[in-house]
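Below is one structure, written out as structure tokens; the observations come after it.
What you see is a predicted model, and the numbers here were worked out from it, not measured in a lab.
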Amino acid sequence: MFSSIEDVIERFGKNNYIASRRIATVVYLAAAMQKPILVEGPAGVGKTDLGKVLAITLGEDMIRLQCYEGLDEGKALYEWEYAKQLLYTQILKDKISEVLTGTDSLAQAVDRIASQDEVFFSERFVVPRPLMKAITSEKQVVLLIDEIDKADAEFEAFLLELLSDFQVTVPEIGTFKAKKIPLVILTSNNAREMSDALKRRCLHLYIDFPNREQELAIVRLKVPEAAEKLAEEVVAVVQALRKLDLKKTPGISETLDWVKALTLLNVQNLDDALVDETLDTIVKYEGDVRKAQEELKEYLRKVRTRRGGTETPATTDAGKSDKDMLN
């Protein structure tokens, strides 16, 4: 597993994930204590990536359950393969007749058939879904329960048995205990508050947006081909945009997408026109675009001043100022 907190940081780094000491500490303790981790924070800060890199680092398979409103245990745990049961019934109908031989009433026939329940309600007819796959796996896996806050409170309650005892119950068959206790990562974007019962069973980790230095380090790691000045300017702009009241605050993934897009266009520095053309890479709603344009207009004016330009908006051949171009 992991020998120390420093070991987590080092091995995650080799897989292109910059883990802060706080993240590394929680991961180390969760692995040592065999406790689930509830990772909360805004969208786009690397919560899902934490589960992915944990599986890669340990060389284990990752089983992912994507949560959504209306998710039930039939989709998350198991389903009965009714078509296969029906086929077996048709094939074995002669044998069923033999079983019913000697019965004098409908009640006796039903009792005789009921005594054979284990034939048709057995593991051979169960279609395992992510949770059961994780529990019944012959080797340890990483179980990623993604966006648990999107699932209903009833489903959250259903998870408690799994998270506390690492077992699941199928009423018709019985209880399945984990052969190898999985490493469980639950992520939440805080769409709703998680219950105290769920939080008690997990180690808690909150991942926030990184500061400027951390985000620049991530950009350098993930997009090493980007010009240094471009990376610095993009990170500075994104940090400023996060202070605005946007419907969707840009996350680290959007920062990386923007740097990649500008790099593909051979951009070395932020430029009014190119920023306007590529802004949809980082801002996802039209109202947010307009707010971002105003912020970028002020930022680029300051940049031009530092480069020896003026505060007067430049004019294009069509007579448009920076304000026209950014709006």
Side-chain angles (χ1 to χ4, degrees), residues 23 26-27 29-52 54-55 60-82 117 121-123 125-208:
I23 293 175
V26 174
V27 170
L29 291 176
M33 299 167 64
Q34 296 184 324
K35 294 272 288 185
I37 305 175
L38 173 60
V39 188
E40 296 187 294
V45 295
K47 300 186 298 296
T48 299
D49 283 347
L50 179 62
K52 293 178 179 179
L54 178 61
E60 296 177 350
D61 293 333
M62 188 188 79
I63 297 175
R64 179 175 180 175
L65 173 64
Q66 179 63 51
C67 298
Y68 54 88
E69 185 177 353
L71 175 66
D72 58 22
E73 59 186 87
K75 295 296 183 182
L77 182 58
Y78 72 95
E79 286 184 308
W80 286 107
E81 198 168 9
Y82 293 113
D117 274 355
F121 288 96
S122 63
E123 291 184 47
F125 298 110
V126 171
V127 181
R129 297 306 184 194
L131 297 184
M132 182 169 283
K133 287 180 180 179
I135 289 294
T136 58
S137 175
E138 295 291 341
K139 59 181 182 178
Q140 189 177 56
V141 299
V142 172
L143 173 60
L144 174 63
I145 304 177
D146 213 7
E147 298 184 314
I148 180 62
D149 53 321
K150 289 186 177 180
D152 302 324
E154 291 77 10
F155 181 76
E156 181 185 333
F158 161 73
L159 282 178
L160 298 182
E161 180 185 17
L162 171 68
L163 299 178
S164 59
D165 301 323
F166 292 102
Q167 66 180 33
V168 293
T169 300
V170 178
E172 298 88 346
I173 300 177
T175 299
F176 292 80
K177 292 188 70 70
K179 297 178 180 179
K180 294 288 184 180
I181 294 179
L183 296 174
V184 184
I185 304 286
L186 302 96
T187 72
S188 168
N189 294 331
N190 298 317
R192 66 176 178 84
E193 186 70 22
M194 296 293 99
S195 69
D196 291 342
L198 179 72
K199 289 189 173 184
R200 277 200 309 273
R201 288 162 171 78
C202 304
L203 296 183
H204 183 261
L205 175 63
Y206 187 87
I207 301 180
D208 205 349

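A pairwise comparison of heavy atoms in Ala55 and Met62 identifies CB-CB, 3.8 Å as the closest pair.
Counting only distance, with no hydrogens or angles, the side chain of Glu156 and the backbone of Ser195 share a donor-acceptor pair below 3.5 Å. Asp72 places a side-chain N or O within 3.5 Å of a backbone atom of Gly74 that can act as its donor or acceptor partner. Between the side chain of Asp61 and the main chain of Val141, no donor-acceptor pair closer than 3.5 Å is present. Listed for the Arg201 side chain is no donor-acceptor partner under 3.5 Å among the backbone atoms of Leu163.
Residues meeting the side-chain contact (heavy atoms from CB on, under 4.5 Å) test with Lys180, sequence neighbours left out: Gln140. With sequence neighbours excluded, no residue forms a ring-ring contact (aromatic ring centres under 6.0 Å, His included) with Phe166. Judged as a side-chain hydrogen bond (donor to acceptor under 3.5 Å, both in side chains), and not counting sequence neighbours, the contacts of Arg64 are Gln66, Asp146.
The line from CG of Leu186 to CD1 of Ile37 is 9.5 Å long, rounded to the nearest 0.5 Å. Note that the OG atom of Ser137 and the CD1 atom of Ile181 stand 13.0 Å from one another [nearest 0.5 Å]. The distance from the OH atom of Tyr206 to the NZ atom of Lys47 is 8.5 Å, given to the nearest 0.5 Å. Atoms OG1 and CG, on Thr187 and Asn189 in that order, are 6.0 Å from each other to the nearest 0.5 Å. Lys75 contributes atom NZ, which lies 6.0 Å from atom CZ of Arg129 (distance to the nearest 0.5 angstrom). Note that CG of Leu131 and CG of Leu159 are 6.0 Å apart. Values are rounded to the nearest 0.5 Å.
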